[in-house]
Amino acid sequence: DPLGPAKCLGLRSTALYPSLTRCICLEDFYYRQLAGVRSHVRLKLYEENRAAGRKFLRQEEGELQLTKEGISGIVVFQLSGEIACMLSEKKRAIVEINFLPEFLEGELSGWIEKRLSLLPGRCLKDFFLGVLHKKVLDVCLQAEELKGTQEIPCENRRKSFQMVSSVMERALHFTTEVTGVSDMRQAQVCRGGLILSQFDTKLECRTLAGCFACGEVLNVDGECGGYNLHFAWGSGLLAGREAMKRALKNRRGRGNDGRK
């Protein structure tokens with residue numbers, strides 16, 4: 001237990017969770033096909049509850065890296081600490097992946113109609129060429145029980161529109177359930193730690209004079225971008241300086257009393 005010594009001193013702490021790490025997803029049969037793909041996406045995190053339904057929590061946009069077990073990359077790292085907390089509380093974490101974040105859904109119908117006019121009678125694989133990554137397209141087609149070699153019927157405009165629309169909707173709202181996150185050994189930072197109210201602005205314990213804390217031992221964690229390193233160095237510098245001041249003050253005090 002990294003907080004063992006502090007707990008022996010009677011200090012209170014929160015639970016510890018891995019953060020800034022990859023997530024493991026339930027639908028591994030999709031991710032085994034998607035492994036290795038990188039894509040700019042928008043992610044939305046939801047809490048799934050049978051009674052209350054799906055509750056939106058937050059969203060992130062950035063680069064996604066797909067692995068054989070699930071999702072990774074900076075955009076996932078930003079959500080992973082919150083997801084780890086949810087899973088520890090037995091809450092269901094649902095992530096919606098938008099593989100086409102530049103598309104405005106209000107303009108989707110017009111885009112489909114225009115592309116159908118430009119590419120009549122094409123198979124689905126050719127129709128989506130340059131729109132979706134091949135592996136992403138294959139998985140979206142599977143989810144909709146379609147095949148890339150299927151031709152889009154020219155004679156039935158309604159059916160052709162529905163066929164293309166179902167694939168686009170899947171790409172815009174690809175939903176996955178997160179069942180776990182990587183352990184502490186693979187996480188970039190730890191979420192949780194010693195409760196901050198126990199320390200003053202100099203990071204000295206309010207109840208234990210001369211006891212200072214800094215870095216990840218405190219209940220402070222940030223997003224990707226160097227914030228955690230900055231806090232580790234900054235808090236370490238502050239705590240170290242204040243500890244030295246206290247040590248020098250105590251030394252002078254002992255000298256005035258004539259003690260060694």
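The structure displayed is predicted, hence computed values, not measured ones.
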Self-check item: Arg191 NZ/CZ over Tyr17 ring centroid, <6.0 Å and within 45° of normal
Solution: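 Arg191 over Tyr17 ring: no.
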Practice problem: Report yes or no: is the cationic atom of Arg115 (NZ for Lys, CZ for Arg) under 6.0 Å from the centre of the six-membered ring of Phe127, at an angle within 45° of the ring normal? | Solution: yes
Self-check item: All side-chain hydrogen bond (donor to acceptor under 3.5 Å, both in side chains) counterparts of Asp28, not counting sequence neighbours
Solution: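 Testing Asp28 for side-chain hydrogen bond (donor to acceptor under 3.5 Å, both in side chains), a comparison that skips the adjacent residues, returns Arg32.
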Practice problem: Just do the side-chain hydrogen bond (donor to acceptor under 3.5 Å, both in side chains) check on Glu61 and His40 with the steps written out, would you? | Solution: CA-CA 7 Å; Glu61 186 169 335; His40 184 84; 2.9 Å; yes
Do NZ/NE/NH1/NH2 and the carboxylate oxygens of [X] and [Y] come within less than 4.0 Å?
{"X": "Glu47", "Y": "Arg54", "answer": "no"}
{"X": "Asp183", "Y": "Arg185", "answer": "yes"}
{"X": "Glu223", "Y": "Arg58", "answer": "yes"}
{"X": "Glu63", "Y": "Arg38", "answer": "yes"}
{"X": "Arg22", "Y": "Glu69", "answer": "yes"}
{"X": "Glu113", "Y": "Arg157", "answer": "yes"}

Exercise. Might you work through the side-chain hydrogen bond (donor to acceptor under 3.5 Å, both in side chains) test for Gln142 and Gln33, ending with a clear yes or no?
Key: CA-CA 11 Å; Gln142 286 178 42; Gln33 301 173 65; 2.5 Å; yes
Which atoms form the tightest heavy-atom contact between [X] and [Y], and what is the distance?
{"X": "Ala239", "Y": "Ala213", "value": "CB-O, 4.0 Å"}
{"X": "Leu57", "Y": "Tyr46", "value": "CD1-C, 4.2 Å"}
{"X": "Asp221", "Y": "Gly192", "value": "OD1-N, 4.4 Å"}
{"X": "Cys211", "Y": "Leu9", "value": "SG-CD1, 4.3 Å"}
{"X": "Gly70", "Y": "Tyr31", "value": "O-CD2, 3.6 Å"}
{"X": "Ser19", "Y": "Ser80", "value": "C-OG, 3.7 Å"}

Quiz item: side chain to side chain contact (heavy atoms under 4.5 Å, CB included) with Leu100: which of Leu108, Val41, Leu172, Val136?
Solution: Leu172
Quiz item: Can you tell which of Arg252, Arg246, Lys245, Arg251 makes a side chain to side chain contact (heavy atoms under 4.5 Å, CB included) with Lys249?
Solution: Arg252
Quiz item: Side-chain heavy atoms under 4.5 angstrom apart, residues restricted to Ile, Leu, Val, Met, Phe, Trp, Tyr: same cluster for Leu26 and Ile83?
Solution: no
Exercise. Find out if a path of hydrophobic residues (ILVMFWY) with successive side-chain heavy-atom gaps under 4.5 Å connects Val167 to Leu118.
Key: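 As far as the 4.5 Å side-chain criterion goes, Leu118 and Val167 are connected within one cluster.
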Tell me if a side-chain donor or acceptor on [X] pairs with a main-chain N or O of [Y] at a distance below 3.5 Å.
{"X": "Asn98", "Y": "Arg42", "result": "no"}
{"X": "Glu60", "Y": "Leu79", "result": "no"}
{"X": "Thr14", "Y": "Gly193", "result": "yes"}
{"X": "Arg206", "Y": "Ser197", "result": "yes"}
{"X": "Glu169", "Y": "Ser166", "result": "no"}

Exercise. Tell me, with the steps shown, if Glu204 and Lys202 meet salt bridge (charged side-chain N to carboxylate O under 4.0 Å, His left out).
Key: CA-CA 5 Å; Glu204 184 175 14; Lys202 298 177 180 179; over 6 Å; no
Quiz item: Between Glu27 and Thr176, does a side-chain hydrogen bond (donor to acceptor under 3.5 Å, both in side chains) hold up when you go through it step by step?
Solution: CA-CA 7 Å; Glu27 302 83 0; Thr176 186; 2.6 Å; yes
Quiz item: Does anything in residues 81-110 pair up under ring pair (Phe, Tyr, Trp, His ring centres under 6.0 Å), and if so which pairs, sequence neighbours excluded?
Solution: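 Every ring pair (Phe, Tyr, Trp, His ring centres under 6.0 Å) pair that includes a residue of residues 81-110, provided the two are not neighbours, is Phe99-Phe174, Phe103-Trp111.
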